[in-house]
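Computed from a predicted model, the values in this text were never measured in an experiment. All values below come from the heavy atoms of this structure, side chains included, with hydrogens, waters and symmetry mates left out. Position 1 is the first residue of the sequence, and the numbers go up from there.
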Amino acid sequence: MVDTPAPSNQTSSGGSTAGAMIGWGLLGVATLGFVWFVVTQIGAGWEGRETEAQEIVQNYKSPEMQYTLKDQLIEFGNQARAKGRFVGTFAWSTTQDEGPLYRVSLVWKEDSATQKASWLVDLQDGSIKPEGKQAEGFMKPPT
């Protein structure tokens with residue numbers, strides 16, 4: 001009998017498996033690289049905008065407020081002094097949470113106690129969300 005070679009449409013199982021593994025591996029690495037690139041680019045452009053976030057909070061004025069939030073602090077201090085109390089020594093700080101989200105904090109002295117209020121600012125849509133009763137209190141007219 002004569003050995004005849006296998007037809008060309010049949011292949012041995014050893015060579016194609018290694019090639020497929022290398023190909024899929026390269027595709028996986030390329031996909032991970034692309035995902036990393038997209039994720040890092042989505043966050044780009046939001047860093048270093050603490051001043052902008054702080055100004056959004058300080059310039060906030062709801063319909064029921066007579067003054068902006070920054071000017072309203074003066075009114076809170078004046079009303080406290082009229083009652084014989086001290087409210088002052090205001091200090092603002094801002095940190096970036098994630099992407100366009102920034103946390104703006106206000107620390108002040110109320111008599112001898114230190115108080116703090118924080119707001120979450122979304123630079124993408126300009127929204128402000130008070131975090132807690134202290135921040136909510138500053139967003140209402142002084143009483």
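Here the CD atom belonging to Glu50 is positioned 10.5 Å from the OG atom belonging to Ser93, to the nearest 0.5 angstrom. In this structure, CZ on Phe76 lies 7.5 Å from CG on Leu73, to the nearest 0.5 angstrom. With rounding to the nearest 0.5 angstrom, the OH atom of Tyr102 is 12.0 Å from the CD atom of Gln54.
Side chains of Gln96 and Glu47: no donor on one and acceptor on the other come within 3.5 Å.
Within the 4.5 Å cutoff, the side chain of Glu75 has heavy atoms near those of the Tyr67 side chain. Here the side chains of Met139 and Ile128 are in contact, with some heavy-atom distance below 4.5 Å. Using a 4.5 Å cut-off on side-chain heavy atoms (C-beta onward), Trp46 and Leu123 make contact. Residues Val87 and Trp108 meet the side-chain proximity criterion, which asks for heavy atoms closer than 4.5 Å. Looking only at side-chain heavy atoms (C-beta outward), Thr114 and Lys109 come within less than 4.5 Å of each other.
Checked by atom type and distance alone, the side chain of Asp122 pairs as donor or acceptor with a backbone atom of Gln124 at under 3.5 Å. Glu131 places no side-chain N or O within donor-acceptor distance of the main-chain N or O of Arg103, the cut-off being under 3.5 Å.
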* Residues Thr68, Asp71; criterion side-chain contact (heavy atoms from CB on, under 4.5 Å); working and verdict -> CA-CA 5 Å; Thr68 64; Asp71 292 337; 3.3 Å; yes
* Asked: Are Trp119 and Leu106 close enough, and set up right, to give a side-chain contact (heavy atoms from CB on, under 4.5 Å), and what steps lead you there?
  -> CA-CA 9 Å; Trp119 295 266; Leu106 173 66; 3.9 Å; yes
* Can you check side-chain contact (heavy atoms from CB on, under 4.5 Å) on Leu120 and Asp97, steps first, answer last? -> CA-CA 9 Å; Leu120 194 60; Asp97 270 8; 3.4 Å; yes
* To do: Please lay out, stage by stage, how Trp92 and Val104 fare under the test side-chain contact (heavy atoms from CB on, under 4.5 Å).
  => CA-CA 7 Å; Trp92 293 93; Val104 178; 3.7 Å; yes
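Shown here for Ser118 and Ser105, the closest heavy-atom pair between the two residues is OG-OG, 3.0 Å. For Gly126 against Ile56, the heavy-atom pair with the smallest separation is O-CG2, 4.0 Å.
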Could you pull out all donor-acceptor pairs under 3.5 Å where a side-chain atom in residues 57-66 meets a protein atom, sequence neighbours excluded?
residue: Asn59; atom: ND2; partner: Glu55; partner atom: O; Å: 3.0
residue: Ser62; atom: OG; partner: Glu64; partner atom: OE2; Å: 3.3

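Tested against Glu110 for a side-chain hydrogen bond (donor to acceptor under 3.5 Å, both in side chains), the candidates Arg85, Gln134, Gln115 yield a single pass: Arg85.
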